[in-house]
Amino acid sequence: MSGGCSTACSGRRTRRRGWRPSWRSGREFGREADRQFPAREREGSKKEVRRESMARIAFIGLGNMGGGMAANLAKAGHDVRAFDLSADALTRAEAAGCLPAADVVAAADGAEVVVTMLPAGSHVEQVHADILAALPPAALLIDCSTIDVATARRVAEGATARGLAAVDAPVSGGIAAAGAGTLTFMVGGSQAAFDRAHPILAAMGKAVIHAGGDGAGQAAKICNNMLLGATMIATCEAFALADRLGLDAQAFYDIASVSSGQSWSMTSYCPVPGVGPETPADHDYQGGFAAALMLKDLKLAREAAADVGAATPIGGHACDIYADFVKGGAGRLDFSGIIRTL
């Protein structure tokens, strides 16, 4: 199941490691409230308000990203019914406060909100086909998978035809951000659907941005990741060239990270071990955002460009480079591991 996210170094080499009446002052009202309502009653009232704001949520897809996201929803107090084909993923979800479900229909039965985090558009369509009949009227579907724009629009139309609300809400960030609840969500859908989805997504992320109508979230995601893939390759090439020219990697980082060549791939996700903040490069390119997933997103961008007649030669070349990298057996490595090919 699929899916950025620090500070630059200094010159030295760094190893990262109730209501208030208008005719009274708040203080006066507070004293009277203390006399009339015991503290326990007032605290109980607060808990009731919090309880009423919680939702019954079906979460389908508990992979590297989905597991942490579901855990954060449970931590926020939501009633999360979770499903994944992996028994280990279900065990971890249960330990995080979710209730494991036997299948997607059991998870969705009576759910007010359904969140999906799945590998491809075909999986999203199949899950929607299986669960729509089990949902109550006006349920909200939130798809956080990264899929093609056409499928995102198609599933939203299918939900709307049944009187349900739907948004596409792919994420930016990695496994650590999913666990920490600091993802960025780019959301496509109507304003009304976005307003309903916002508090659910806010429990899992640091930023929730309305990109536009159905499919706009997916459009933003594939454009963003095409840019990310291309800039990571260019960043790696720059470090490789600097090395051959005899320039120390830390010295080049200190210069480029505060100059016009600066990018997220340079300052937040440096592909060179021991330089900049801690990244997958410091762990032999394990963890992070797998090269196979970057290739998937670059392919989606290439297909979308072909569909609308957009010229993306650099994005297309980045796709070819990552295709060769993955074909060579590096699909599980972090995408910054592309530096090993230079």
Side-chain angles (χ1 to χ4, degrees), residues 1-6 46-47 49-101 104 107-108 110-119 123-124 127 131 139-146 165-189 193-211 217 220-221 224 268 287-290 293:
M1 317 286 180
S2 80
C5 306
S6 203
K46 291 178 184 177
K47 289 180 179 178
V49 171
R50 287 197 296 269
R51 188 177 300 120
E52 288 174 4
S53 68
M54 296 301 102
R56 179 167 174 176
I57 300 175
F59 201 108
I60 300 168
L62 304 169
N64 290 334
M65 299 294 290
M69 293 165 66
N72 279 314
L73 288 174
K75 182 179 179 180
H78 294 290
D79 176 10
V80 181
R81 313 297 173 94
F83 177 74
D84 192 277
L85 294 174
S86 166
D88 289 342
L90 284 173
T91 298
R92 289 191 295 271
E94 184 173 22
C98 304
L99 180 66
V104 294
E112 301 165 77
V113 179
V114 177
V115 181
T116 46
M117 189 61 161
L118 301 167
H123 302 111
V124 177
V127 166
I131 68 172
L140 171 66
L141 295 105
I142 302 175
D143 180 39
C144 295
S145 318
T146 297
V167 297
D168 51 287
V171 307
S172 178
I175 298 170
T182 56
L183 293 168
T184 292
F185 291 90
M186 44 211 87
V187 187
F194 172 78
D195 291 342
R196 289 182 59 193
H198 190 281
I200 304 297
L201 298 174
M204 301 182 284
K206 64 179 181 180
V208 182
I209 303 167
H210 193 194
K221 173 64 184 285
N224 180 78
S268 297
F289 184 51
L293 295 178

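In this text, all values refer to a predicted model and were calculated from it rather than measured experimentally. FYI, side chains are in, hydrogens and waters are out, and symmetry mates aren't considered; it's all heavy atoms of this structure.
Residues that satisfy the side-chain contact (heavy atoms from CB on, under 4.5 Å) test with Ala71, not counting sequence neighbours, are Ala96. Partners of His123 according to the ring-ring contact (aromatic ring centres under 6.0 Å, His included) rule, which considers only residues two or more places apart in sequence or in another chain, do not exist here. Leu140 is linked by a side-chain contact (heavy atoms from CB on, under 4.5 Å) to Val113, Ile142, Ala165, Arg196, Ala197, counting only residues two or more places apart in sequence or in another chain. When the side-chain contact (heavy atoms from CB on, under 4.5 Å) test is applied to Asp195, the partners found at least two apart in sequence or on another chain are Gln191. Residues meeting the side-chain hydrogen bond (donor to acceptor under 3.5 Å, both in side chains) test with Asp143, sequence neighbours left out: Thr116, Ser145. Annotation: side-chain contact (heavy atoms from CB on, under 4.5 Å) contacts of Ala178 (sequence neighbours excluded): Met65, Met69, Leu183.
Residue Met204 holds its CE atom at 6.0 Å from CZ of Phe59, rounded to the nearest 0.5 Å. Between Thr146 atom OG1 and Leu293 atom CG the span is 8.5 Å, to the nearest 0.5 Å. Taken from CG in Leu85 to CD1 in Ile60, the straight-line distance is 10.5 Å, to the nearest 0.5 Å. Distance CG/Leu73 to SG/Cys98: 7.5 Å, rounded to 0.5 Å.
For the residue pair Val115 and Cys144, the shortest heavy atom distance occurs at CG1-SG, 4.0 Å. Across all non-hydrogen atoms, the minimal contact from Glu94 to Pro100 is CB-CG, 3.6 Å. Of all heavy-atom pairs spanning Ser172 and Asn224, the tightest one is OG-ND2, 4.2 Å. Annotation for Ala93 and Ala82: closest pair CB-CB, 4.3 Å, computed over non-hydrogen atoms. The nearest pair of heavy atoms linking Ala107 to Ala111 is O-CB, 4.2 Å. When all heavy atoms of Asn72 and Gly179 are compared, the closest pair comes out as ND2-O, 3.2 Å.
Under the side chain to side chain contact (heavy atoms under 4.5 Å, CB included) rule, Phe185 has a single partner from Ile200, Val208, Ile209, Val167, which is Val208. Remark: of the listed residues Leu62, Val124, Val171, Val171 is the sole one forming a side chain to side chain contact (heavy atoms under 4.5 Å, CB included) with Met117.
Proximity of a side-chain donor or acceptor of His210 to a complementary backbone N or O of Gly189 within less than 3.5 Å is detected. Using modelled atom types, one side-chain atom of Asp168 and one backbone atom of Gly217 make a donor-acceptor pair closer than 3.5 Å.
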Report task. Show the numbers, then the answer: is there a side chain to side chain contact (heavy atoms under 4.5 Å, CB included) between Asp79 and Met54? Result -> CA-CA 7 Å; Asp79 176 10; Met54 296 301 102; over 6 Å; no

Report task. For the pair Leu141 and Ile131, evaluate side chain to side chain contact (heavy atoms under 4.5 Å, CB included) and give the outcome as yes or no after the intermediate values. Result -> CA-CA 11 Å; Leu141 295 105; Ile131 68 172; 4.3 Å; yes

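Within the 4.5 Å cutoff, the side chain of Met186 has heavy atoms near those of the Pro170 side chain.
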